[in-house]
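These notes are about the structure you will find just below.
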Amino acid sequence: MGMDRRNFLKTVGGLALFTIVPRHVLGHGYIAPSDQLTKGIIGVGGMGRGHVNYEGTRLVAVCDVDKKHLELGKKLVKDQIAAYHDFRDLILDPNVDIVHIATPPHWHGIMSVEAAKAGKDIWCEKPMTRTIGEGKRVMEAVEQYGRMFRLNTWFRFKDPFYGLGTPVKPLKKLVQSGMLGWPLKVTISKHTGFDWKFYWVGKEYLEPQQIPAELDYDMWLGPAPYKPYNAHRVHQNFRGYWDYDSGGLGDMGQHYIDPVQYILGKDDTSPVKVEVDAPQQHPDAVGVWRSITYTYDDGCQIVLWGGDFGDPNTPYIAGPKGNVYKNFVCDIPDWEKKLADYPEPEPQISTFLESVKTRQPFALNERNGFRSATIVNMGAAALRLNRTLNFDPVKLEFVDDEAANRLLDQPSRAPWNI
């Protein structure tokens, strides 16, 4: 699947709608300091409609395969904007600087790679991709074509971090000070302030239904296997099906886990083992799980407890020398006074506008975003196979497990590939 499939001249008639000078007119990669960046959003059924006014960008185009969603997208701003059915048309629109991908995750990989090839910077919703292999190719494409990439979860650099009641920066400082000791175990559960959304489960038996006239279901499925339409499979419920996402783990995994990866200093590696305690999963419909445990080669662990499982007294971070609990309670005497003498964490670029203008990587980019997405996708693979998996963080493959490695790169329905 490539971008040379169509002649984009048919869209030139829409260029008169816009007053912003396209980037290519100013020269490759040039953006005036006072210039405003333009954005096109792919997927305006829900999440995409909530991200219109972020970080000094102007919305100039929307795309959706559902006509009703597309009409809602066209009304997001007062100005007349371009509206597309096919995401490839939006990506090729010369008025668009940043492509914001707000589709179900089974599209994230293909769209990110195609946007990178077209010279567009990319703002992608979480999870970064649905498989480890797709994430690797997104990372490679973004770097090959010199693009800026933002994964849209922000807790590593701003806002209070759920039940911890604090931004992540003080947690990072505490961990890197060594006051808690090493190795550390981080527990992400309802009891530590992180409630997994177990209502994202699929239905094991879906009766075929008539496809609504406004929905291009074949295009919605895209690279996913063809399965008869049912309203529970698409739009707000897609996360409950393995073909498109991985339930609550896929929905909240990068929100919850990415800051932990940052806190532990694991942005350049991955766990070497993942263990699951869960009922056997249905091959199509995502189910629930009791726990998922990740172990790094240095003994650090990330433990996820689903539902009400787990010990209510478990600390969020457990270390040989001290613990951190919900609401940022630490049991080290005078820890705040002691911590003041340690250096602050290195600064991060936390505004995508700055990243695009300076061509410096965003705080959560294609590299560290790939690593946190890999943690999510390792868990999904272990759940689907219902067994412990060992992983090579350098080769980016499971160790001596053919079935698990088949989940790294799952077949795509023609003509889609990445």
Side-chain angles (χ1 to χ4, degrees), residues 37-55 57-77 81-93 96-116 118 120-130 134-135 138 142 147-154 197 200 214-216 219-224 233-239 241 243-246 250-255 258 352-353 356 362 364-366 369 373 376 416 418:
L37 295 163
T38 59
K39 180 171 68 175
I41 302 175
I42 306 174
V44 285
M47 186 67 69
R49 295 206 302 273
H51 292 170
V52 177
N53 299 315
Y54 277 10
E55 307 200 44
T57 59
R58 177 185 175 189
L59 182 64
V60 298
V62 291
C63 174
D64 206 291
V65 296
D66 187 307
K67 292 178 182 177
K68 289 185 177 180
H69 291 175
L70 192 59
E71 286 302 313
L72 291 172
K74 289 162 65 175
K75 297 175 183 178
L76 289 172
V77 293
I81 59 176
Y84 299 109
H85 173 84
D86 192 316
F87 75 92
R88 291 167 289 189
D89 291 339
L90 182 144
I91 286 174
L92 284 172
D93 188 330
V96 173
D97 297 320
I98 299 169
V99 174
H100 186 156
I101 301 168
T103 65
H106 69 289
W107 270 114
H108 289 182
I110 288 173
M111 290 179 177
S112 293
V113 169
E114 292 301 322
K120 304 302 171 82
D121 294 320
I122 303 154
W123 184 318
C124 185
E125 293 300 318
K126 48 73 188 170
M128 178 173 162
T129 55
R130 196 183 65 89
E134 288 176 356
V138 169
V142 168
R147 309 323 306 160
M148 293 294 104
F149 183 93
R150 169 180 178 159
L151 186 64
N152 198 32
T153 178
W154 52 88
K197 297 178 180 178
W200 291 124
E214 67 271 11
L215 176 65
D216 185 344
M219 190 67 168
W220 187 94
L221 287 172
R233 186 175 290 282
V234 303
H235 295 341
Q236 289 80 12
N237 299 304
F238 68 83
R239 295 192 191 278
Y241 299 90
D243 288 344
Y244 326 117
D245 201 357
S246 51
D251 180 38
M252 299 305 293
Q254 283 203 271
H255 275 328
D258 178 77
F352 196 47
L353 186 67
V356 172
F362 185 68
L364 185 52
N365 53 62
E366 74 283 358
V376 173
W416 307 103
I418 180 174

Quiz prompt | Residue pair His108 / Thr103: nearest heavy atoms and the distance that separates them | solution = NE2-O, 2.8 Å
Exercise. Please report the shortest heavy-atom distance between Leu37 and Asp97, naming the atom on each side.
Key: CA-OD2, 3.5 Å
Quiz item: Should Ser112 and Ile101 count as side-chain neighbours, where that means a heavy-atom distance under 4.5 Å?
Solution: yes
Quiz prompt | Shortest non-hydrogen contact from Ala115 toward Ile122 | solution = CB-CG1, 3.8 Å
Exercise. Examine distances only and state if a side-chain atom of Asp243 and a backbone atom of Ala224 form a donor-acceptor pair shorter than 3.5 Å.
Key: no
Practice problem: Kindly write out the residues that satisfy side-chain hydrogen bond (donor to acceptor under 3.5 Å, both in side chains) with Asn237, not counting sequence neighbours, or none if the list is empty. | Solution: none
Self-check item: CD1 on Ile81 to CZ on Arg58, rounded to 0.5 Å
Solution: 10.0 Å
Practice problem: With Trp107 as reference, evaluate Trp416, Trp220, Phe238 under the ring pair (Phe, Tyr, Trp, His ring centres under 6.0 Å) test and give the passing residue. | Solution: Trp416
Quiz item: Of Asn152, Asp258, Asp251, which meets side chain to side chain contact (heavy atoms under 4.5 Å, CB included) against Lys126?
Solution: Asp251
Quiz item: Do Val44 and Leu72 pass the side-chain contact (heavy atoms from CB on, under 4.5 Å) test, and can you show the C-alpha distance, the side-chain angles, and the key distance before you say yes or no?
Solution: CA-CA 7 Å; Val44 285; Leu72 291 172; over 6 Å; no
Practice problem: Indicate, with yes or no, if the rings of Trp123 and Phe362 have centres closer together than 6.0 Å. | Solution: no
Quiz item: Where is the tightest heavy-atom contact between Thr153 and His255, given as atom of each residue plus distance?
Solution: OG1-ND1, 2.5 Å
Quiz item: CD/Glu366 to OG1/Thr129 distance, rounded to the nearest 0.5 angstrom?
Solution: 12.5 Å
Quiz item: Under 4.5 Å between any side-chain heavy atoms of Ile91 and Val96, yes or no?
Solution: no
Exercise. Considering non-hydrogen atoms only, spot the tightest contact between Asp93 and Ala82 and give its length.
Key: OD2-CB, 4.0 Å
Self-check item: Lys/Arg-Asp/Glu bridge criterion (N-O < 4.0 Å) met for Lys68, Glu71
Solution: no
Self-check item: Straight-line distance of Met111 CE to Lys120 NZ, nearest 0.5 Å
Solution: 14.0 Å
Exercise. For side-chain contact (heavy atoms from CB on, under 4.5 Å), just list the numbers for Ile98 and Phe352, CA-CA rounded to whole Å, side-chain angles, deciding distance to a tenth of an Å, and then say yes or no.
Key: CA-CA 10 Å; Ile98 299 169; Phe352 196 47; 4.0 Å; yes
Quiz item: With a 4.0 Å cut-off, would you call Asp86 and Arg88 a salt bridge?
Solution: yes
Quiz item: Which distance, rounded to the nearest 0.5 Å, do you find between the SG of Cys124 and the CZ of Arg150?
Solution: 11.5 Å
Quiz item: Considering only heavy atoms from C-beta outward, does the side chain of Pro127 approach that of Asp245 to under 4.5 Å?
Solution: yes
Practice problem: Could you check if a side-chain atom of His235 sits within less than 4.5 angstrom of a side-chain atom of Leu215, using non-hydrogen atoms only? | Solution: yes
Quiz prompt | Crowding at NZ, Lys75 (>12 non-hydrogen neighbours, <6.0 Å) | solution = no
Quiz item: To the nearest 0.5 Å, how far apart are CE in Met252 and CH2 in Trp200?
Solution: 10.5 Å
Quiz item: Taking it one step at a time, do Leu70 and Tyr84 satisfy side-chain contact (heavy atoms from CB on, under 4.5 Å)?
Solution: CA-CA 8 Å; Leu70 192 59; Tyr84 299 109; over 6 Å; no
Exercise. For Gly369 and Met128, work out which heavy atoms get closest and say how close.
Key: C-SD, 3.6 Å
